[in-house]
Protein chains: 2
Amino acid sequence: MDNNTIFIEKLRSSGLRPTKQRIKICKLLFNRKKTFHFTISDIFKILKKQTYEKISLATIYNTVHSFKEKGYLKEISVDREKSYFDTNTSNHHHFLDVNTNELIDLKNEDVHNIKIKKRIPGKKINSIEVLVKIENSN
Amino acid sequence: MDNNTIFIEKLRSSGLRPTKQRIKICKLLFNRKKTFHFTISDIFKILKKQTYEKISLATIYNTVHSFKEKGYLKEISVDREKSYFDTNTSNHHHFLDVNTNELIDLKNEDVHNIKIKKRIPGKKINSIEVLVKIENSN
DNA sequence: CTAATAATTTATAATGATTCTAAAGTAGTG
DNA sequence: CACTACTTTAGAATCATTATAAATTATTAG
Ligand SMILES: [Mn+2]
Ligand SMILES: [Mn+2]
Ligand SMILES: [Zn+2]
Ligand SMILES: [Zn+2]
């Protein structure tokens, strides 16, 4: 209820009309304490279960992409066959569980002291991303 | 000439028949001093220029994938829309030049001391990959 | 060497994720 | 309410990759 107002404001202030589809997607993505890592198909499936009214796949693509453009989501490339989006838009690192294909955030404090010694002339460093692949340990 | 013999041996010892297509692709990929980072479409274009006899796209897919399975190539996921392969199959890090989309190897010495403090119970670390995005610095 | 067999290559079709299209619906404005 | 611009939608188009199945080639046995 009150959340809706916040999302409506957020959308309006980004130049996006607060449609019911966008608000529903906002709730799904941003009403969370923890970072949410998801694929388009995750969202589609979740929304299909909460049947009220179906949101078309095209709208989910459109919405997720416009949220990304507005800076509310970040796209993560860890696997060719899955495009992940991330509600944590800061520069941060990840565990990737290769058994479950799940992404887990690493806080910056969790990753010690990355120093890149090499430099390429005429180029500057834009970002540093660490991906730690993990698997069942038994 | 002599290289051919080496590739023929390598292929045979992996249970792959040394066809002329595979040998030609071996030469293109592995007759190099430096690591080669490439896409399927790079290979297809290069081979098309060296016209002798055309190699079909399906064969390039088949060959690159079997070389990957045999451990002669590694696939790198840095960008959804491009699948890179890497002739350096060791665990190593990369610069990604966002202006040219080029991958550049970082030696392990080039990346200082990565320590991951967090652990996930029941999981062990499989690999750690650092991707350093760089761009023109003017 | 030749014939038989199994692997490989190839053109082409199928697939599937994403993007495009254009018509119908909706939100904002006055 | 009436107008306009934006949005949603179903379905089509696209494009990289994978599958298919017929023709070719490499290997093996004789
Ligand atoms: Mn994969
Ligand atoms: Mn990209
Ligand atoms: Zn994250
Ligand atoms: Zn490399």
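Source: prediction; values computed, not measured. Naming convention: chains lettered A, B, ... in sequence-line order (proteins, then strands); numbering from 1 in each chain.
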Ion pair present between A:E109 and B:K117, side-chain N to carboxylate O less than 4.0 angstrom?
no

Nearest nucleotide by nearest heavy atom, which residue falls closer to the 5' end of DNA chain C, B:K54 or B:R22?
B:R22

Value for CD1 (B:I55) from CG (B:L47), rounded to nearest 0.5 Å, stands at 5.0 Å

Rounding to 10 degrees, work out the angle separating the end axes of the helix from C:dC1-D:dG30 to C:dG30-D:dC1 (five pairs an end).
30°

With sequence neighbours left out, the residues meeting side chain to side chain contact (heavy atoms under 4.5 Å, CB included) with B:I46 are B:L28, B:F36, B:Q50

About how many Å separate OG1 of A:T35 and CD1 of A:I104, when rounded to the nearest 0.5 Å?
11.0 Å

Can you list the residues that meet the side chain to side chain contact (heavy atoms under 4.5 Å, CB included) rule with B:S13, with sequence neighbours excluded?
none

Could you pull out all residues at least two apart from B:E135 that satisfy side chain to side chain donor-acceptor pair (under 3.5 Å)?
A:N126

Any residue meeting side chain to side chain contact (heavy atoms under 4.5 Å, CB included) with A:K54, in chain and number order, not counting sequence neighbours:
none

What residues, two or more places apart in sequence or in another chain, satisfy side chain to side chain donor-acceptor pair (under 3.5 Å) together with B:T59?
B:S56

Reading nucleotides 21-30 of chain D from the 5' end, what letters show protein touch, with B for base, S for backbone sugar-phosphate only, - for no heavy atom under 4.0 Å?
-----BS---

Atom pairs under 3.5 Å, N or O on each side, protein against nucleotides 16-19 of chain D: can you list them with distances?
| residue | atom | partner | partner atom | Å |
| --- | --- | --- | --- | --- |
| D:dT17 | OP1 | A:R80 | NH2 | 3.4 |
| D:dT17 | OP2 | B:Y61 | OH | 2.3 |
| D:dT17 | O5' | B:Y61 | OH | 3.2 |

For B:D86, the salt bridge (charged side-chain N to carboxylate O under 4.0 Å, His left out) test, sequence neighbours excluded, returns none

Ring-face cation of A:K10 near A:F30 (centre distance under 6.0 Å, axis angle within 45°):
yes

My understanding is that only residues two or more places apart in sequence, or in another chain, count here; which of them pass salt bridge (charged side-chain N to carboxylate O under 4.0 Å, His left out) with B:K74?
none

According to side chain to side chain contact (heavy atoms under 4.5 Å, CB included), who are the partners of B:S83, at least two apart in sequence or on a separate chain?
A:R80, B:E75, B:F85

Bounds of contact between DNA chain C and chain B, in 5' to 3' order, using a heavy-atom cut-off under 4.0 Å:
C:dA6 to C:dT18

